[in-house]
Amino acid sequence: MLRLVLLLLFLGFQAWSQNRKIANYTIEVSLDPAGKMLQGKQRLTWTNTSTVAVNELRFHTYLNAFKDTESTFMKGSGGMLRNDRLNTSVPGHFGYIKINRTLLNGSTVLTGKYIQPDNLNDKDQTVMLFGLPSPVQPGETLTLDMDFTARLPRIFARTGWAADDYFFAGQWFPKIGVLEKSGTWNCHQFHANTEFFSDFGEYRVNITLPRRFTVAGTGSKIAENPVKGDKKVVSFRAEDVHDFAWAASPHFIEVTQPYRGITLRAYLQPEHKNKAARYFDAVTKAIDYMEKHVGRYPYKTLSLIDPSKDGSGSGGMEYPTLISCGATWGAGTWVKDQEVVTIHEFVHQYFQGMLASNEFEDSWMDEGFTQYMEGRIMDFAYPKGSLFNFLGFTVNDAAASRWNYVSMKYPAITAIRTDTWKYPGGTYPVMSYTKPATVLQTLQNLVGDEVMDEILQTYFERFKFRHPVPRDFFDTANEIARRKTRFKDLDWFFEQTILGTEVCDYAVQHLENTTRGGSFRLVNLGDMHIPVTVRVTFSNGRHTGFRWEGKTGDYRYPENITAVEIDPGNANRMDINLLNNSLSAEPQRLFSFKYAAKMLFWIQNVLQMA
């Protein structure tokens with residue numbers, strides 16, 4: 001019996017381990033800085049882990065999003081993303097990728113064609129389909145050799161080149177899509193607001209470029225050797241990752257700091273060489289917090305890229321073991337811009353890097369969790385104004401996330417669980433980042449800090465390297481909550497906050513006192529129901545509290561009432577209007593507070609949109 005158990009455990013571990021090496025790449029690429037060109041060849045070893053045979057392969061060719069103004073990405077973005085605009089009047093600003101030759105298993109030439117699985121834009125060339133001469137059976141592995149040519153665009157949407165020979169190469173090679181267990185290809189076009197989804201594997205990448213360049217890349221730098229002329233080859237290896245990105249500049253200043261078995265490397269612009277300490281301070285705080293509350297960072301390296309001023313469009317992006325950071329040029333330490341970007345992008349190492357949910361369809365499972373943990377880390381590490389502290393005026397991170405959601409003109413416009421490219425115009429940042437962060441803040445307050453950490457730790461350990469879907473997180477939360485809290489399940493919460501469009505607006509109305517006692521009405525002005533505590537204070541100073549489920553109703557007491565407060569601890573972060581959550585029998589001097597609060601919320605909103 002023991003042998004059988006051990007055998008099953010071994011086979012289970014073997015299958016799990018193999019599942020982390022579905023798509024393995026060996027890539028040789030050379031950079032021509034003057035022409036902004038990449039010349040590459042790659043060998044992909046890919047395994048069909050679905051339950052059915054497939055007769056086609058689908059690849060992302062992301063750089064074709066920048067080929068012209070007709071791509072789905074350019075039409076959707078209008079040539080602008082995160083305050084960066086691609087000047088389409090300059091032909092040299094465009095980029096592309098062309099697959100020159102594809103060879104199957106060393107002998108069969110494959111011919112691809114562009115397809116548009118998401119829309120009818122036949123001008124879009126960001127997905128390529130290759131038909132196979134014979135089906136690939138479940139468990140079967142094939143090898144594809146591809147030669148490709150790419151031109152990097154002027155930096156826009158986090159990839160490309162900038163003045164003074166700064167290069168950031170993201171989504172730069174032909175990348176195979178994800179084959180679902182059902183045998184359906186998950187390989188969406190590149191849309192304005194969607195990011196990426198791919199399988200785990202091992203990457204071996206050799207980059208040839210002029211010797212004057214310093215290069216940072218995903219994984220570990222294992223060699224750097226001169227070759228003929230003024231060139232060199234820089235070699236990287238990365239395991240258990242789903243992507244490979246790299247950056248190069250002749251001006252980088254490389255600063256290294258070991259930390260708890262991780263080699264931290266900051267690649268700084270000369271003007272920012274004094275900012276290394278702030279980068280390292282922020283990222284080590286993030287490492288400590290994430291390892292304590294979520295799980296261990298398993299890699300041995302982490303590279304932090306400080307973009308050039310002209311290449312700032314490449315800042316604020318995450319790739320496995322490599323993040324692009326950024327600091328506002330000329331800003332002082334009173335604004336924690338450098339820290340918040342560094343911490344946010346490091347947290348992505350967990351939710352985007354290791355859990356790696358489908359960002360095309362469930363961007364909130366990455367961005368929302370990351371925004372939530374960013375708020376926790378920032379407010380813990382920098383409590384005296386985690387976003388900024390200017391002349392005593394402070395703004396904290398988690399509060400700014402909440403306000404970004406509750407200040408929406410139409411908060412019921414769409415559900416968080418929506419295919420990302422289908423979000424109504426302008427709602428992507430709220431639905432992907434700040435509303436889910438606010439949902440998770442509220443969940444934490446409902447179940448308690450320790451239970452929330454157990455949910456996160458269990459979810460992370462159970463689903464890292466496995467591409468979890470929403471139900472995986474819901475079931476994990478239900479399992480822990482059922483054992484540790486009074487909730488039998490939390491589906492009622494997720495159905496309203498993630499899957500639905502319900503809105504919460506609780507209010508106290510009609511507080512009256514007579515000789516027979518006091519009365520008031522609790523009103524639900526929205527359609528979301530989240531249990532909260534209500535505190536009632538009486539004229540003799542005594543107070544009482546009770547649990548309210550959000551159902552409108554009248555309440556009477558035999559004593560006179562001086563004040564009623566809904567959710568005095570502000571645990572329910574989903575309530576869109578906190579100003580109507582309390583009512584006093586006597587008018588309070590709230591005029592100045594009310595408008596000071598409005599000014600604070602306005603400033604928070606401006607910060608969040610930056």
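Computed from a predicted structure; not experimentally measured.
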Notebook entry, point to check: Met431 and Met408: side-chain contact (heavy atoms from CB on, under 4.5 Å), yes or no, with the steps?
Noted result: CA-CA 11 Å; Met431 292 299 156; Met408 290 183 73; 3.9 Å; yes
Note to self: Before you tell me yes or no, could you show the steps for Glu367 and His344 under side-chain contact (heavy atoms from CB on, under 4.5 Å), namely the whole-Å CA-CA distance, both residues' side-chain angles and the distance that decides it to 0.1 Å?
What the structure shows: CA-CA 9 Å; Glu367 298 293 357; His344 183 95; 3.5 Å; yes
Next item on the list: Carefully, step by step, assess Trp364 and Asp362 under the rule side chain to side chain donor-acceptor pair (under 3.5 Å).
Entry: CA-CA 5 Å; Trp364 68 275; Asp362 286 296; 3.1 Å; yes
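Across all their heavy atoms, Asn445 and Asn570 have their closest contact at ND2-O, 4.1 Å. The minimum heavy-atom distance between Ser50 and Lys181, with the atom names listed, is CB-O, 3.5 Å. The shortest heavy-atom contact between Phe200 and Phe465 is CE1-CA, 3.3 Å. The minimum heavy-atom distance between Ala216 and Phe236, with the atom names listed, is C-CZ, 3.9 Å. Scanning both residues, Ile176 and Ser198, for their nearest heavy atoms gives O-CB, 4.4 Å.
In this structure, the side chains of Arg58 and Ile115 come closer than 4.5 Å at one or more pairs of heavy atoms. Proximity of Leu302 to Tyr297: side-chain heavy atoms (C-beta onward) are separated by under 4.5 Å at one or more points. You'll find the side chain of Leu443 stays beyond 4.5 Å of the side chain of Thr497, heavy atoms only. Side-chain contact between Thr434 and Trp403 is absent, with no heavy-atom pair separated by less than 4.5 Å. Contact annotation: the side chain of Glu359 never approaches that of Met365 to less than 4.5 Å [non-hydrogen atoms, C-beta and beyond]. Two residues are said to be in side-chain contact when any heavy atoms from C-beta on lie closer than 4.5 Å; Ser363 and Tyr428 meet this criterion. You'll find the side chain of Pro117 stays beyond 4.5 Å of the side chain of Trp185, heavy atoms only. When side chains are defined from C-beta on, Pro174 does not count as touching Met128, because their heavy atoms never get closer than 4.5 Å.
For Asp310 and Arg154, the salt-bridge test passes: some basic side-chain N is under 4.0 Å from an acidic carboxylate O. Salt-bridge check for Asp124 with Lys75: failed, with every basic side-chain N at 4.0 Å or more from each acidic carboxylate O. Arg462 has no carboxylate O lying under 4.0 Å from a charged side-chain N of Asp475, or vice versa, which leaves the two without a salt bridge.
Looking only at atom types and distance, the side chain of Tyr299 has no donor-acceptor partner in the side chain of Gln349 under 3.5 Å away. Looking at Asn186 and Glu361, their side chains do bring a donor and an acceptor atom within 3.5 Å of each other. Defined by atom type and a distance below 3.5 Å, a donor-acceptor pair is missing between the side-chain atoms of Asp527 and Gln496. When only modelled atom types and interatomic distance are considered, His467 and Asn358 share no side-chain donor-acceptor pair under 3.5 Å. In the model, Gln171 has no side-chain atom that pairs as donor or acceptor with a side-chain atom of Thr159 under 3.5 Å. Residues Tyr423 and Asn193 have side chains that never bring a donor and an acceptor to within less than 3.5 angstrom of each other. Donor-acceptor pairing under 3.5 Å is lacking for the side chains of Tyr506 and Asn572.
In this structure, His293 has its ring center at least 6.0 angstrom away from the ring center of Phe380. A ring-centre distance under 6.0 Å is not found for Phe168 and Tyr166. In this structure, Phe360 has its ring center at least 6.0 angstrom away from the ring center of Phe197. Residues Phe487 and Phe493 place their aromatic rings such that the two centres sit no closer than 6.0 Å. Within the 6.0 Å centre-distance limit, the rings of Phe196 and Phe190 are counted as a close aromatic pair. You'll find the ring centres of Phe173 and Phe148 outside the 6.0 Å limit.
To the nearest 0.5 Å, atoms OG1 (Thr427) and NZ (Lys422) are separated by 13.5 Å. Note that CZ of Arg158 is 4.5 Å distant from CD of Glu195, once rounded to the nearest 0.5 Å.
Remark: of the listed residues Thr126, Thr72, Asp118, Asp118 is the sole one forming a side chain to side chain donor-acceptor pair (under 3.5 Å) with His191.
In the displayed structure, Lys36 atom NZ is contacted under 6.0 Å by more than 12 heavy atoms of other residues, nucleotides or ligands.
Listed by chain and number, the residues in a ring-ring contact (aromatic ring centres under 6.0 Å, His included) with His529 amount to none (sequence neighbours excluded).
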